[in-house]
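Read the structure below first, then the notes.
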Amino acid sequence: MLLLTRTTPYDEVKNKTEGMSVFLVDIKAAGKAIEARKLEMMLNHETNELFINDLEVPVENLIGEEGKGFRYLLDGLNAERILVSAGSIGSARWCVAKAAKYASERVVFGRPIGANQGVQFPIARAHVATEAADLMRWRAATLFDAKQRCGAEANMAKYLSSEAAMDAANACIDAHGGYGFAVEYDIERVFRSSRLSRTAPINNNLVLAFIGEHVLGMPKSY
Ligand SMILES: Cc1cc2nc3c(=O)[nH]c(=O)nc-3n(C[C@H](O)[C@H](O)[C@H](O)COP(=O)(O)OP(=O)(O)OC[C@H]3O[C@@H](n4cnc5c(N)ncnc54)[C@H](O)[C@@H]3O)c2cc1C
């Protein structure tokens with residue numbers, strides 16, 4: 001396990017993000033010092049609560065420099081946001097394609113349901129949002145690969161793609177009517193997993209707080 005922990009007390013550092021270090025922890029060797037309790041979630045995602053008590057970690061398991069751990073974590077967080085964006089865009093595209101196909105084939109009241117703007121436009125809107133998110137995802141990834149700052153772009157990509165995925169999943173369920181809820185169509189599963197990315201790995205309110213403060217220079221809101 002990669003563990004980020006405070007190694008210099010909070011009141012001894014100037015900036016609260018300093019004084020944290022990253023360690024590689026051998027979970028098996030930790031024994032009872034780490035207790036993992038499985039959480040049942042609404043989606044198939046191995047999620048546990050960890051309780052850590054009196055854990056000893058050898059000093060050679062320190063990763064990088066002591067006290068700089070939060071910065072190392074941030075490096076990984078941008079990559080994670082770009083990765084999550086790619087996942088959301090994939091889900092969104094799957095939903096848009098499935099919805100467009102079904103809406104073109106399913107006939108109600110003598111015509112394909114996709115001929116109605118009430119069915120067609122939400123699918124088209126989700127497509128537009130998905131392709132815009134995709135551009136921001138590539139911009140963030142390109143900056144990341146060039147080792148340039150990409151915090152704003154990675155956050156915006158995560159925001160746009162998670163909202164697009166949710167819109168696409170909703171449009172897909174709506175287009176399929178009752179079948180959207182049938183497990184055999186896979187839509188409800190993609191709907192549930194799409195919902196996650198609005199909340200994790202960072203919720204979209206905190207993305208907006210980051211943009212408001214660090215990109216637009218407004219006062220910190222939390
Ligand atoms: C399936 C799953 C897997 C996860 N995996 C990991 C993992 O591998 N590693 C890990 O570290 N974490 C993981 N998480 C945790 C995840 O990162 C957090 O749940 C997420 O960042 C939200 O934080 P929170 O749950 O503490 O919500 P809170 O911070 O308690 O927030 C609750 C709600 O209040 C709102 N809110 C809070 N403060 C403000 C504010 N100042 N302004 C506006 N709105 C606010 C938020 O929008 C949110 O909707 C996982 C979560 C899930 C559901």
Side-chain angles (χ1 to χ4, degrees), residues 1-7 10 15-28 30 33-53 55 57 61-64 68-92 94-95 133 137 140 144 150-170 183 186-222:
M1 179 175 76
L2 273 180
L3 178 71
L4 176 77
T5 186
R6 180 160 289 288
T7 42
Y10 196 73
N15 183 333
K16 62 189 173 188
T17 58
E18 286 167 13
M20 288 189 255
S21 307
V22 179
F23 293 92
L24 187 62
V25 174
D26 182 337
I27 297 181
K28 281 190 184 138
I34 301 180
E35 187 199 340
R37 287 189 207 155
K38 188 171 165 49
L39 285 175
E40 293 297 333
M41 308 299 276
M42 75 183 241
L43 65 168
N44 181 17
H45 200 290
E46 181 66 36
T47 308
N48 297 278
E49 273 182 302
L50 296 186
F51 297 85
I52 304 176
N53 279 307
L55 174 68
V57 182
N61 286 22
L62 174 70
I63 293 177
K68 299 266 192 311
F70 194 73
R71 273 214 267 139
Y72 302 147
L73 185 83
L74 283 185
D75 266 0
L77 293 183
N78 283 333
E80 185 186 30
R81 282 166 207 180
I82 297 166
L83 177 75
V84 165
S85 299
S88 295
I89 289 161
S91 297
W94 184 88
C95 287
R137 173 272 290 250
F144 185 88
C150 65
E153 290 76 9
N155 273 291
M156 289 192 287
K158 188 273 173 190
Y159 180 97
L160 292 170
S161 60
S162 61
E163 296 293 337
M166 205 63 246
D167 289 350
N170 268 320
V183 171
D186 286 322
I187 301 165
E188 56 81 35
R189 177 174 58 76
V190 177
F191 178 87
R192 285 184 283 121
S193 61
S194 298
R195 181 61 185 81
L196 175 66
S197 54
R198 281 173 84 187
T199 302
I202 180 177
N203 70 70
N204 280 354
N205 277 353
L206 283 202
V207 170
L208 294 177
F210 174 87
I211 299 296
E213 182 187 349
H214 295 286
V215 178
L216 302 177
M218 290 188 276
K220 191 179 178 86
S221 65
Y222 59 96

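First listed ligand is number 1; within each ligand, the first listed atom is number 1.
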Counting only heavy atoms on the protein side, is anything nearer than 4.0 Å to [atom]?
{"atom": "atom 7 (C) of ligand 1", "answer": "no"}
{"atom": "atom 10 (C) of ligand 1", "answer": "no"}
{"atom": "atom 36 (N) of ligand 1", "answer": "no"}
{"atom": "atom 46 (C) of ligand 1", "answer": "yes"}
{"atom": "atom 14 (N) of ligand 1", "answer": "no"}
{"atom": "atom 20 (C) of ligand 1", "answer": "yes"}
{"atom": "atom 1 (C) of ligand 1", "answer": "yes"}
{"atom": "atom 41 (N) of ligand 1", "answer": "yes"}

For the side chain of [X] and the backbone of [Y], is there at least one donor-acceptor N/O pair under 3.5 Å apart?
{"X": "Arg198", "Y": "Tyr159", "value": "no"}
{"X": "Ser91", "Y": "Gly87", "value": "yes"}
{"X": "Lys158", "Y": "Ser197", "value": "yes"}

Under 4.0 Å to a heavy atom of [X] - the qualifying atoms of ligand 1, by number:
{"X": "Met41", "result": "1 (C), 53 (C)"}
{"X": "Leu196", "result": "1 (C), 2 (C), 52 (C), 53 (C)"}
{"X": "Pro201", "result": "17 (O), 21 (O)"}
{"X": "Tyr222", "result": "41 (N)"}

Reference residue Phe23; test side chain to side chain contact (heavy atoms under 4.5 Å, CB included); the match among Leu4, Ile63, Leu2, Thr5: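 Exactly one pass, corresponding to Thr5.
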
Checking a contact table here: which protein heavy atom is nearest [atom], and how many Å away?
{"atom": "atom 28 (P) of ligand 1", "result": "Asn203 ND2, 4.9 Å"}
{"atom": "atom 16 (C) of ligand 1", "result": "Ala200 CB, 3.8 Å"}
{"atom": "atom 5 (N) of ligand 1", "result": "His45 CE1, 4.5 Å"}
{"atom": "atom 43 (C) of ligand 1", "result": "Asn205 ND2, 3.5 Å"}
{"atom": "atom 39 (C) of ligand 1", "result": "Leu206 CD2, 4.3 Å"}
{"atom": "atom 22 (C) of ligand 1", "result": "Thr199 O, 3.8 Å"}

Close side-chain approach of Phe210 to Leu206, heavy-atom, < 4.5 Å: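 Result no, sub-4.5 Å side-chain heavy-atom pair not found.
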
Leu77 side chain near Pro201 side chain, heavy-atom distance below 4.5 Å: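 Of all side-chain heavy-atom pairs linking Pro201 with Leu77, none is under 4.5 Å.
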
Phe51 atom CZ: more than 12 heavy-atom contacts under 6.0 Å: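 Yes - once you tally the heavy atoms of other residues, nucleotides and ligands closer than 6.0 Å, there are more than 12.
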
Heavy-atom neighbours of Lys28 NZ exceed 12 at 6.0 Å: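 Counting neighbours around NZ of Lys28, 12 or fewer heavy atoms of other residues, nucleotides or ligands fall under 6.0 Å, so no.
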
Met41 CE to Leu196 CG distance, which is reported to the nearest 0.5 Å: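 The CE atom of Met41 sits 7.5 Å away from the CG atom of Leu196.
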
Rounded distance (nearest 0.5 Å) linking atom CZ of Arg6 with atom NZ of Lys16: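 Here the rounded value is 10.0 Å.
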
N or O contact, Ser221 vs ligand 1, cut-off under 3.5 Å: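 Min N/O separation from ligand 1 is not below 3.5 Å for Ser221.
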
Ion pair Lys38/Glu46, N-O distance below 4.0 Å: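 Between Glu46 and Lys38 there is a salt bridge, with a charged N closer than 4.0 Å to a carboxylate O.
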
Lys220 charged N/C atom sitting above Tyr222 aromatic ring, 6.0 Å / 45°: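 Yes.
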
